[in-house]
Visitor: 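Mind having a look at this structure? Questions to follow.
All values below were derived from every heavy atom in this structure, side-chain atoms included, with hydrogens, water molecules and symmetry-related copies excluded. A quick note: this is a predicted structure, and the numbers were derived from the prediction, not measured.
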Amino acid sequence: MTQLHSNCFTSLSELPTNDYAEIALILGDQLNASHSWYHQKSKRRLFVMFEMRQETDYCRHHIQKVVGFFAAMRNFASALAKAGHNVLYLTLDHSDNKQSLTDNLAAVAKHCNSKEILLQQPDEYRLNKQFDEWQAPDSCSLTWHDSEHFLTERNVLNQWFGDKDNYLMEHFYRRVRKQTGYLMGDGKPVGGKWNYDKENRKSLKASAELPEPLLFAHDVSALVELLEQEGVDTFGHIDPNNFIWPVQRSEAKQLLSYFTEHLLSRFGDYQDAMLEGHWALYHARISFALNTKMLSPKQVVEAALSAWQANPDDISLNQIEGFIRQIIGWREFVRAIYWHFMPAYADSNFLEHERPLPDFYWTGKTQMNCLQHSITQSLDYAYAHHIQRLMVTGNFALLAGCAPDAVDAWYLGVYIDAIEWVELPNTRAMSQFADGGKLATKPYVSSGSYINKMSNYCKSCHYDVQTKVGDGACPFNLLYWHFIDRHQQRFANNSRMALILSQWRKRDEREKKEILEQAESFLANLGNSPQQD
């Protein structure tokens, strides 16, 4: 599975010189087989793909993330070569590989005496900056192309709403619905409402019979050995003989079909639920396939809509709307937020949080069962669903006052679907409120009661979720009020925080003092030295 097709060039020496007027770069998250580049074959065009230390080392990644990208890239390169395209693929360990995107491009252009380098618009600011600062060979011109993936443009917020300090996802989502016609009829939302989120907050019982997730079983041992041989620093766990994620388009489509046939009918109801012992639930788990562009949002949405239209008695409107909103609303919105506010966005720290991330984010070893379960799952599968990310691991990091840079680095590294354009707004803004409200109108924090409502984690926890202070008190209960207390001046003018601020100020002073002191003691003993596997 990780072997390249025999028609694929794997070194510069194999390339005929002076034969390729055009070089077309394909990044690891540009595996879009439907792109117009591939509609016709050209003897004068060479497609190039590189495995690079530049990409393995810009943050510390989960081993499944690196393996997943490299395996998918190799399959894509092989498919192009098999279809008759000219492809150069430099593996991580090849002596021709300069481990830099622009250095590799320059070397290939010089070797082939190329006149033009074709680029698809990158989705990450750091790569955009790298190209902007690059002095391309004098003999080469750079020609930019769209990635032909997203439903909206990078600058869509400015186009639709003007230059503002903050934006509402709901307004954006409705515009996309109108633009695409998805779930619309006669210019109005199907069913009469735009959003059925209030119907999508059901919890699952431990006795629930859940469908098994569709998993693949790839042998990626050669890639794991390559990373070890080259000294790439990763974390997390992997079974090299049974890699579970889709690494080619046909598998991504199979995973999407499995979702629409077996999971979509319950997705909306239980999209926020968490259940110990069940890591996949009714989630599609197609985010890696989407973010590498093996699947397109249009393809995903229309497959889901077709399933709903064919089975309206089984798939209710709240199920399909909840899923469509994640794809055409939230996913497109965070990309627009990212490009509107970068690069300053990556440095925002509105709450001035500086605490290092606790050790247990790298080990899962904590007595808080919700965190232990969500983190262990992340280390085992390089995956957690949005509520585990937002209201468990993210919620704790925010309540504890962890530095946004540290939280960003962990989220960017640990999840197989994490690319900065989608990770950073979700983490730094939605999860950590470090942008001060550009994306979310209030911080998403909760005590243990929310986690208890949406999961069964609390039932087998060392701590008592019902205990607010004193022996065995749930740390989320203590840290929630500690967070409210230390930031009450910052939130004084936030209307959505007014009620909770009022409740805190009315509490007995002695009770408040006890809560704050116990929270301080917990934080002092949290353990903050970086944990390495």
Visitor: Classify the angle between the aromatic ring planes of Tyr345 and Phe341 as parallel (below 30°), tilted (30 to 60°) or perpendicular (above 60°).
Guide: parallel

Visitor: Hey, mind stepping through Glu423 and Asp408 against side chain to side chain contact (heavy atoms under 4.5 Å, CB included) and telling me if it holds?
Guide: CA-CA 8 Å; Glu423 174 277 325; Asp408 265 345; 2.9 Å; yes

Visitor: Parallel under 30°, tilted from 30 to 60°, perpendicular over 60°: which one fits the rings of Phe235 and His62?
Guide: tilted

Visitor: Do Tyr383 and Gln64 have side-chain N/O donor and acceptor atoms under 3.5 Å apart?
Guide: no

Visitor: Looking only at the aromatic ring of each residue, does the gap between the centers of Phe396 and Phe360 stay below 6.0 angstrom?
Guide: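 Yes; Phe396 has its ring centre under 6.0 Å from that of Phe360.
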
Visitor: Can you tell me how far the CG atom of Leu424 sits from the CD1 atom of Ile419, to the nearest 0.5 Å?
Guide: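 That separation rounds to 13.0 Å.
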
Visitor: Test side chain to side chain contact (heavy atoms under 4.5 Å, CB included) on Gln120 and Leu25 and set out the steps.
Guide: CA-CA 7 Å; Gln120 290 181 37; Leu25 173 68; over 6 Å; no

Visitor: Determine whether more than 12 heavy atoms belonging to other residues, nucleotides or ligands lie under 6.0 Å from atom CD of Glu14.
Guide: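 Enclosed: over 12 neighbouring heavy atoms sit under 6.0 Å from CD of Glu14.
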
Visitor: Answer yes if the side chains of Tyr338 and Glu124 hold a donor-acceptor pair under 3.5 Å, and no otherwise.
Guide: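 Looking only at side-chain atoms, Glu124 and Tyr338 do not form any donor-acceptor pair under 3.5 Å.
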
Visitor: Has Lys164 got more than 12 heavy atoms of other residues, nucleotides or ligands less than 6.0 Å from its NZ?
Guide: yes

Visitor: Which value, rounded to the nearest 0.5 Å, describes the distance between Trp421 atom CH2 and Phe150 atom CZ?
Guide: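 Trp421 CH2 to Phe150 CZ: 4.0 Å, rounded to 0.5 Å.
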
Visitor: Answer whether the closest heavy-atom distance between the side chains of Ile387 and Val392 falls below 4.5 Å.
Guide: no

Visitor: I'd like to check the salt bridge (Lys or Arg N to Asp or Glu O under 4.0 Å) partners of Asp96; sequence neighbours left out, ordered by chain and number.
Guide: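 By the salt bridge (Lys or Arg N to Asp or Glu O under 4.0 Å) rule, Asp96 matches no residue at all.
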
Visitor: With no hydrogens and no angle check, just 3.5 Å: does a side-chain donor-acceptor pair link Gln388 and Gln377?
Guide: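 Gln377 and Gln388 do have a side-chain donor-acceptor pair below 3.5 Å.
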
Visitor: Can you see which heavy atom on Gly394 is nearest to which on Gln432, and at what distance?
Guide: O-NE2, 2.9 Å

Visitor: If every non-hydrogen atom of Asn166 is compared with every non-hydrogen atom of Gly437, which pair is closest and at what distance?
Guide: CB-O, 3.3 Å

Visitor: Among all residues two or more places apart in sequence or in another chain, which pass the side chain to side chain donor-acceptor pair (under 3.5 Å) test with Ser257?
Guide: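 By the side chain to side chain donor-acceptor pair (under 3.5 Å) rule, Ser257 matches no residue at all.
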
Visitor: Classify the ring geometry of Phe161 against Phe172: parallel below 30°, tilted from 30° to 60°, perpendicular beyond 60°.
Guide: tilted

Visitor: Determine whether more than 12 heavy atoms belonging to other residues, nucleotides or ligands lie under 6.0 Å from atom NE2 of His171.
Guide: no

Visitor: Are Tyr89 and Ser78 close enough that a side-chain donor and a side-chain acceptor fall under 3.5 Å?
Guide: no

Visitor: With a cut-off of 6.0 Å (strictly less than), are more than 12 heavy atoms of other residues, nucleotides or ligands near CG of Asp132?
Guide: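 Counting other residues, nucleotides and ligands, CG of Asp132 exceeds 12 neighbours.
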
Visitor: To the nearest 0.5 Å, what is the distance between CD (Gln179) and CH2 (Trp160)?
Guide: 4.5 Å

Visitor: Assess the residue pair Leu46 and Asp19 against the criterion (side chain to side chain contact (heavy atoms under 4.5 Å, CB included)); give the C-alpha distance rounded to whole Å, side-chain angles, the decisive distance to 0.1 Å, and a yes or no.
Guide: CA-CA 9 Å; Leu46 175 69; Asp19 272 7; over 6 Å; no

Visitor: Could you check whether Arg428 pairs with Glu420 (Lys NZ or Arg NE/NH1/NH2 to Asp/Glu carboxylate O, under 4.0 Å)?
Guide: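 Between Glu420 and Arg428 there is no salt bridge, as every charged N stays at least 4.0 Å from the carboxylate O atoms.
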
Visitor: Give the ring-plane orientation class for His487 versus Phe483, where under 30° counts as parallel, over 60° as perpendicular and anything between as tilted.
Guide: perpendicular

Visitor: State, without any angle test, whether Arg249 and Ser34 hold a side-chain donor-acceptor pair at a distance under 3.5 Å.
Guide: yes

Visitor: Are His61 and Tyr58 an aromatic pair, judged by ring center distance below 6.0 Å?
Guide: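 Centroid separation for Tyr58 and His61: below 6.0 Å.
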
Visitor: Step through the shown structure and confirm whether more than 12 heavy atoms of other residues, nucleotides or ligands are within 6.0 Å of CD on Gln40.
Guide: no

Visitor: Going by atom types only, do Gln326 and His283 share a side-chain donor-acceptor pair under 3.5 Å?
Guide: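 No - no donor-acceptor pair under 3.5 Å links their side chains.
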
Visitor: Where the side chain of Asn97 meets the backbone of Glu51, is there a donor-acceptor pair that is under 3.5 Å apart?
Guide: yes

Visitor: Quick one about Glu148 and Asn32 (side-chain donor to acceptor, distance below 3.5 Å, no hydrogens or angles considered), yes or no?
Guide: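 The criterion, which ignores hydrogens and geometry beyond distance, is not satisfied for Glu148 and Asn32.
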
Visitor: Can you confirm whether the side chains of Thr143 and Glu116 place a donor and an acceptor under 3.5 Å from each other?
Guide: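 There is such a pair between these side chains.
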
Visitor: Could you pull out every donor-acceptor pair under 3.5 Å between side chains of residues 79-86 and any protein atom, sequence neighbours left out?
Guide:
residue: Asn86; atom: ND2; partner: Ser42; partner atom: O; Å: 3.3
residue: Asn86; atom: ND2; partner: Arg45; partner atom: O; Å: 3.2

Visitor: Which heavy-atom pair separates Pro122 from Phe131 by the least distance, and what is that distance?
Guide: CG-CD1, 4.3 Å

Visitor: Using only heavy-atom distances, determine whether the side chains of Asn291 and Arg331 contain a donor-acceptor pair under 3.5 Å.
Guide: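 Yes - a donor-acceptor pair under 3.5 Å links their side chains.
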
Visitor: With under 30° as parallel and over 60° as perpendicular, where do the rings of Trp37 and His145 fit, or are they tilted in between?
Guide: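 Taking His145 first and then Trp37, their aromatic rings stand perpendicular (interplane angle over 60°).
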
Visitor: If I take atom CG from residue Leu398 and atom CE from residue Met391, how far apart are they, to the nearest 0.5 angstrom?
Guide: 9.5 Å

Visitor: Walk me through whether Ile23 and Leu88 qualify under side chain to side chain contact (heavy atoms under 4.5 Å, CB included).
Guide: CA-CA 10 Å; Ile23 295 170; Leu88 169 67; over 6 Å; no

Visitor: Using the side chain to side chain contact (heavy atoms under 4.5 Å, CB included) definition, which of the options Leu31, Asn104, Thr91, Leu27 pairs with Met49?
Guide: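 Among the candidates, only Leu31 passes.
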
Visitor: Once rounded to the nearest 0.5 Å, what's the spacing between atom NZ of Lys98 and atom CD of Gln54?
Guide: 14.0 Å

Visitor: Would you verify whether the NZ or CZ of Lys442 falls within 45 degrees of the ring axis of Tyr444 while also being under 6.0 Å from that six-membered ring's centre?
Guide: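 The answer is yes; both the distance and angle limits are met.
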
Visitor: What pair of heavy atoms forms the shortest contact from Ser147 to His35, and how long is it?
Guide: O-CD2, 3.3 Å

